[in-house]
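Bear in mind that the values here come from a model prediction, so they are computed numbers and not experimental data. We number each residue from 1, following the sequence as shown.
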Amino acid sequence: MKPSWNRTSSAIVGAVTALAVLTACGGSGDDSNDSTGGTKPVSITFWGWAKGSKEVVDAFNASHKNIRVKYEEIPSGNAGGYAKISNAVKAGNAPDLVSIEYPMLPEFVSQGSVQDISGHLTDDMKKKFLPQAVELTTLGGKNWAVPFDASPQAFYYRKDLFTKYGVEVPKTWDEFRKAAEKVKKADEKARIGTFFPDDPTTFQAMAWQAGAQWFKAEGDTWKVDTSDAATTKVAAYWQGLLDDDLVRNNASFSPEWTNSLKSGGTIGYLGASWGAGVLTGTLPEQSGKWAVAPMPSWDGKPASGMLGGSTFAVTKDSDKTEAAVEFAKWMTTTEDGIKARIASGTSSAFPAAAELRPAAKQAFDATYYGGQDIYQVFEDAGASISPDWAWGPSTGTTNTVIKDGFGKVANGGATIADAVRAGHDATVSELKKRGLKVEG
């Protein structure tokens, strides 16, 4: 990965300072709380939803005798997974290891729901990962999760229908709008893409790509601004696409979205690197018809935000920290771990461990994309991710309120800008409620 990742440090340092007081109450891993060296295997439980997880667990259990992993698939985080994890932690019956995306990790840390695993991650181990991935999992000077993947943005499109309609793959957002108009003109029932009212993280990635900075921490003060110039531009742009009926307004991965893709009613998908696996698993009958392009940008130059991206964290009450982290490290830093996931045929994970990307590329069957080297698209996109974005400690509140507002956009009850502003106000209120200093 190119040096742009390293510049993220300046954006994260302040956040670390502001979170330090919160993380002081978080759980702490203890080297003595379990053992992986005895004759009886240590049994751990793992909750997640990422594609290929079951295959990874099966491969680990087949190759390891000292640890046994029991996997339970839960809904994706924003679809109820995070609530399930939080409720289990509060009830004292949480699993040992859970999947948490980068945006939500500060929230779980601030609530004391996960353990400090610093003692289980050596410097040599951390050097395997992208610097940004490590910093996004380091808060208050402590390591709270093992990074798994990075998730740069990408544009997936039906190359057969783009050709049929005479549409060029857009390189800028102005070109994307013109392409959207051309698609609709060519086929009144077709649209170039979808606005996801249930998924604020996609909008946040768009804002990130445009140069927005929603959260900054200076000293002990959080500065919150979801209505900066970049975000305002993105909100107005997507509002215009919706107002002019140039994109769909369907919940992400819903039956409506899926059926529209199946029928050719939607011929593009603005997603992330992991989206390649989503399409292969969801639309196997369309193999050979899709291609992957860089995200359109505002000036035509490479630029990307990050959409999701997963980590593995040990819950606060687990007494099997060592075994849980060992399994997490196997999933994230070994060729066997990444091959097991991607060979499932449903995952296109872009590993945070750079040395594993050749193995990921080799394991991914690119036939679906006509043999295209999609991992090179991801590599280039990853290098273009803006380094100036940081997540705040109340992402759950922010996203819940924005999601509620987005849900009212379709019937004219609110605008995208209204929803984002409401998210700002709710975030400021929540941080003040927690006793933090806030400007915004």
Side-chain angles (χ1 to χ4, degrees), residues 19 22-30 33-34 43-51 53-54 57 69-117 136-137 139-140 142 144-146 148 196-201 204 251-254 308-321 323-325 327-328 331 391-407 423 426-427 429-431 433-436:
L19 271 169
L22 294 171
T23 59
C25 64
S28 177
D30 184 340
N33 67 357
D34 70 312
S43 295
I44 63 171
T45 51
F46 166 49
W47 286 3
W49 60 85
K51 301 292 186 182
S53 293
K54 180 182 182 299
V57 171
V69 181
K70 180 180 179 181
Y71 172 62
E72 179 179 339
E73 182 174 346
I74 62 174
S76 64
N78 291 327
Y82 291 136
K84 183 178 177 69
I85 293 171
S86 295
N87 290 336
V89 170
K90 292 174 184 176
N93 57 9
D96 298 290
L97 191 71
V98 292
S99 181
I100 300 177
E101 293 164 296
Y102 295 106
M104 283 300 295
L105 185 61
E107 179 100 356
F108 278 88
V109 171
S110 68
Q111 294 172 350
S113 299
V114 296
Q115 292 187 27
D116 167 17
I117 58 172
L136 287 173
T137 54
L139 303 167
K142 301 175 182 179
W144 298 92
V146 181
F148 169 52
F196 296 136
D198 65 315
D199 183 20
T201 60
Q204 288 162 344
S252 56
F253 317 122
S254 63
S310 297
T311 76
F312 300 116
V314 182
T315 58
K316 70 170 187 174
D317 292 328
S318 173
D319 59 359
K320 300 171 182 176
T321 310
V325 175
F327 171 55
M331 285 194 287
W391 293 106
S394 60
T395 307
T397 297
T398 308
N399 287 355
T400 296
V401 174
I402 293 177
K403 177 181 175 180
D404 289 345
F406 280 176
T427 300
S429 177
E430 176 65 21
L431 294 181
K433 187 189 304 181
R434 296 184 189 183
L436 299 175

How close do Ala145 and Ala313 get, heavy atom to heavy atom, and via which atoms?
CB-CB, 4.1 Å
Between CG on residue Leu105 and CG on residue Leu139, distance to nearest 0.5 Å:
5.5 Å
Taken to the nearest 0.5 Å, the spacing of Lys54 NZ from Glu72 CD works out to 14.0 Å
Are Phe327 and Phe312 an aromatic pair, judged by ring center distance below 6.0 Å?
no
Looking at every heavy atom in both Ala426 and Val401, which two are closest together, and how far apart are they?
CB-CG2, 3.5 Å
So, taking the atom named CZ in Phe148 and the one named OG1 in Thr311, what distance separates them when rounded to the nearest 0.5 Å?
11.0 Å
Please find the pair of heavy atoms, one from Pro103 and one from Thr395, that lie closest to each other, and give the distance.
O-OG1, 2.8 Å
Kindly indicate, with the supporting measurements, whether the criterion side-chain hydrogen bond (donor to acceptor under 3.5 Å, both in side chains) is fulfilled by Ser110 and Arg434.
CA-CA 10 Å; Ser110 68; Arg434 296 184 189 183; 3.3 Å; yes
Can you find a heavy atom in the side chain of Phe108 that is under 4.5 Å from one in the side chain of Val98?
no
Does a side-chain N-to-carboxylate-O contact under 4.0 Å join Glu73 and Lys84?
no
In terms of side-chain heavy atoms, does Thr427 have a donor or acceptor partner in Thr398 at a distance below 3.5 Å?
yes
Do Lys70 side-chain atoms and Phe46 backbone N/O form a donor-acceptor pair below 3.5 Å?
no
Between Glu107 and Ser394, do the side chains contain a donor N or O and an acceptor N or O under 3.5 Å apart?
no
Would you mind reporting whether Asp116 and Trp144 have side-chain heavy atoms less than 4.5 Å apart?
yes
Report yes or no: do Asp96 and Thr45 form a side-chain donor-acceptor pair below 3.5 Å?
yes
Can you measure from CG (Leu97) to OH (Tyr71) and round to the nearest 0.5 angstrom?
11.5 Å
In Thr201, Asn78, Asp198, the residue satisfying side chain to side chain donor-acceptor pair (under 3.5 Å) with Ser252 is Asp198
Minimum heavy-atom distance between Leu431 and Pro393, given as atom pair plus value
CD2-CG, 3.6 Å
Checking side-chain contact (heavy atoms from CB on, under 4.5 Å) for the pair Ile117/Val146: CA distance, chi angles, key distance, verdict?
CA-CA 9 Å; Ile117 58 172; Val146 181; 3.9 Å; yes
Hey, could you give me the NZ/OG1 distance between Lys316 and Thr321, rounded to the nearest 0.5 Å?
13.5 Å
If you take all heavy atoms of Asp317 and Val89, which pair is closest and at what distance?
OD2-O, 4.3 Å
How far apart are the closest heavy atoms of Pro197 and Ala251, and which atoms are they?
CD-N, 4.0 Å
Strictly by modelled atom types, are Glu101 and Tyr82 linked by a side-chain donor-acceptor pair under 3.5 Å?
yes
Val109/Val114 under side-chain contact (heavy atoms from CB on, under 4.5 Å): CA gap, chis, key distance, verdict
CA-CA 6 Å; Val109 171; Val114 296; 3.9 Å; yes
Looking only at atom types and distance, does a side-chain atom of Ser53 sit under 3.5 Å from a main-chain N or O of Ala50, one as donor and one as acceptor?
yes
Will you find, in the side chains of Asn399 and Gln204, an N or O donor that is under 3.5 Å from an N or O acceptor?
yes
Nearest 0.5 Å, what's the OG-CD1 distance between Ser113 and Ile100?
7.5 Å
I want to check something: taking the side chain as every heavy atom from C-beta on, are Trp49 and Ser99 in contact at a cut-off of under 4.5 Å?
yes
